[in-house]
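One structure is given below, encoded as C-alpha cells.
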Amino acid sequence: MAAAAFYDLDGTLVRTNLVHVFAHTARNQQGLWRSLTRTITAAASVPMFMAADTYSRRMFNDVFFRYYKGESEDRLRYLSEELFENVLKDAIYPGAYELVDKSKRLGLRQVLVTGAIDFTVMPLIRHLGFDHHVCNHLEFVDGRATGRLRPPVMAAATKASWMRTYAEKEGLNLSDCFAYSDSMSDLPMLSVVGHPAAVNPDFRLRNTAMQHDWPILDLR
Amino acid sequence: MPKRIATEKAPVRTVTRGPVPRKKEDDEVVYIDTNSAPRVLFSGEDLLVEDLPVGTRVIYPKAPLEGLANPGAAVRYALNHPLGTDPLYAQLRPGMRVTIAVDDISLPLPPMVTPDIRQTIVEILLELLDANGVDDVHIIVANSLHRRMTGPEMKRMLGRKIFDAYYPDRYYNHDAEDPDGMVHLGKTNHNEVVNINRRAVESDLLIYVNINLVPMDGGHKSVTVGLCDYESLRAHHEPHTIRASDSYMDPAKSMLNKKVERMGAIVQSNMKIFHIETALNNRMFGPQMSFLTKNEDDFNETDRLKLEATRWALSKMPAGAKRTLFHNIPAQYQLVACHAGETQAVHAKIIEKNFEQYMVNVRGQSDIVICGVPFISPYNVNSILNPLLVQVMGLGYFHNFYRGKPLLKKGGVLILTHPCYDKFDHQHHPSYIEFFNRLLPETRDAEVLRHKYEEEFARNPSYIEMYRRGNAYHGAHPFFMWYWGENGRQHVGKVIVAGAENAHVPAMLGWDRADSLTEAIAMARSHVGPSPDISMLHHPPIVMVDVE
C-alpha cells in the first residue's frame, strides 16, 4: 500500500512563520507611510499573536488574519515570488532538503499540510518538489481580503482530519506514513500516522515526543 | 541432591583450587568452597555481593600487563620501523593529501584517562606530516553507523590543541549517509559491496589509528567497517555470518572476520593505507576502585570498607546520577604494544598481545554461566544501557568471549545480573525504541527481522537525519545489535536475569527473570539438572576463556 510523508511548514522546514510573512507584506505596501504604519502595527501586535497562539491556534488565526483585511489579492500574489526569493528560500533549514530527498527516495508521496496562506507557499512547494499540498486560503470579496480564512481552516485537528480523508481517497496506509511538525498544535497530525517525528520541537512537543518515544529531529 | 547454596557470610580465605582435584588451570580460576567470601558482581550501576554455590568456578581477569614506560617513544619506533612497508616518513612528500582516521568513542571502554592514546599518536603524526610539508590533512572519526561523537568528546579524545586547530572543518565524524561522501570500490566474489568514505579513498595516504580493545577489533575491520556505509556493513552484520562465527572474538574461526578480510582486500587494492594498531592492558580501575578486580577472598579491611562505602553511596543515588558518576570515571589503561605498517602484519602482532592480556585457560564447559552486566557497552558511552544493549552484552559479547569452545555448554543457562530497566536514550538510540516496542513483540527471529524490517529502519528519513545531524545511532543499528547476539541465542538454552526490576523487558527479550541470583541459580538447576557445573565470569575488566 502506498504511503506519504506529511510536513508542516513554518518552524518545521523553514525557520519563518506566518508573522514573518505578514511583516514582509506590511513592509511592501504601496507608499512609504502606509508601509511604515503597517510595519509598526505588525511589530506591536507580535506579543498579542504569541499570546493567542499559546491559547489556541484557532484563536491565533482569528486574530492574525484580520490584519490582512483590505489587502489587494493581486498585490499579495505579486509579492509572493518576491517573498519566496527574499525571505523563504534562505529560511529553509539545510536538513529540510535532505529529509525531503530521503523521503522521496523511499517512494513516499510528499504532502505539505500547512496553516500558511496559499499564495505564500506556492513557490516553495515548487522549489521543494511536493506532490500535494493543503493550506489556508484568504477570503476575498471584490479582489480585497476580508480578513477571514475560507473554511476548512487548516490548524490542529483539521490537519489530521484532512490527512485521514486524503489517505482514504488516495489509498494510503496511514500506519506507513510519516509526519513532521515542530509544534504542539500539530499533535493530532502527528498522532494519526505510524511514523511521527518532532522537528525542531518547542518545549511541550519535545516532552510529548519523549513520552511517546517519537524521534526528535533537528534540521537547523 | 542439589548442592547447598552458601548463605552466610564466610570468613576471608584464599582459595585457588577446588575441593575436587582437577587438571591445571590458570591462577585466575578460583573455586568456591564453604569458606569462600561472597563475590561482587556488577548489576548495571549497582554492585551486588552474592554467595555462590560451593564448587562454582570463578574466572578472574588476568593482572594488567606492564604498561610501556614511554608510549610516545613506542609510537615513534613503530612509525619508523613498520611491518611490511616503508617507514611513514619515507611515504610522505610535500603537497600530498593525507587522511588520518581514528577509532570512535566505542573504544576503549570506558574512555581512558587523558591523554588518550589516540591523542599521543595523532600529535606525533601531525608533527611528522608538518615536518614533511604535508598540509592537506583531515582527521576523520571512523564511527561507521555509530552515533557521531560530540564536540566535547572529540576534544577529549585528541586534546584541545588538535581540536582547536582542526575541528570542525578538518576534524569531523564519518557520515555514511552523505550522498556525495562515499565511493564504491567494488564487490567481492561473494557479492559483498565495498563502499568507503570518499575523503579517505581520494587521499594519497590513509593513516588509521586503532585501539584494539578486543580481538574482534582492528585489522581490515578498521577501515572496511569504520569508514563504510549501510550497504557494506549489512554484508557481514547479518544473522548467518554471526552464527557461523565461533566465536567472533577468535578471528581464526570467525566468519565475520573472513568476510571483512575479503572486503579489506578490495580496500587495500584501491587505497594506500598505513595502519597503526595499539594494544592496551586491562587496568580499568584506578587505586580507589581496583578492589573490584580482586579475588574477594583476598580482600583486606580497606577493600571491604571501600566496597561497603561504594555500595552505600550507590544505594543513595538516583539512577541518572550513578550513571553519570560511572561514565565519568576514566579507565587507567596503559599502552602495552604499538605496531604500524601493513594492515594484516600489524594486526597479527596486536592480536597476540590481546590474547596474552585477556585469555584465561579453563578446563571444560559449564551448565550454568553467571555474568554481571556492568553499566557500559561499546554503544552507550555517556548514555543508558538499554534492554537491547543488555542483550548484546549477554548473548553477544560475554557469550563470545571464548576461543575453542564456549564456556557454556550447548543448551545451558546464562544468568545475567542487571535491572533491565525499560529506559532508552532518545537522542542516541531512537530506532532502538521502535525496534524494541514494535518489532520484538511480533518476532525475535533474526532472519525475519532482517528481511521484513531492516531496510525500512535503515531508510527511515527521520533516523537518517538523526544520525547525520544529531547524535543517534543509525536506523539499522538495533538490528545489528540483535544479530550480534545471534550465536549466543542459538547456543544458550535459557537466559535468566537476576534482579530485573520488571518482567516485561526480560519477556520481550525471550528471557526469564528472578528476584535474586540465588533464585536464578535454583531456576537454572531445574533446567539443567540438580548438580550443574557453574562458572562465573568476573568482569569487568574483560576476561576471555580458552576452553579445552
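Lettering follows sequence order; numbering is per chain, from 1.
For B:A507, there are no side chain to side chain contact (heavy atoms under 4.5 Å, CB included) partners, not counting sequence neighbours. Checked against salt bridge (Lys or Arg N to Asp or Glu O under 4.0 Å), B:K155 has no partners two or more places apart in sequence or in another chain. Residues passing the side chain to side chain contact (heavy atoms under 4.5 Å, CB included) test with B:A500 are B:C420, B:V497, B:P506, B:R513, sequence neighbours excluded.
Using a 4.5 Å cut-off between heavy atoms, A:L106 contacts chain B through its side chain alone, with no backbone atom that close.
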Present all donor-acceptor pairs from chain B to chain A with distances below 3.5 Å, rounded to 0.1 Å.
from, atom 1, to, atom 2, distance (Å)
B:E177, O, A:K102, NZ, 3.2
B:E177, OE1, A:K102, NZ, 3.4
B:H426, NE2, A:M210, O, 2.9
B:H426, NE2, A:D213, OD1, 2.8
B:S462, OG, A:Y180, OH, 3.3
B:R468, NH1, A:E98, OE1, 3.3
B:R469, NE, A:E98, OE1, 3.4
B:R469, NH2, A:E98, OE2, 3.0

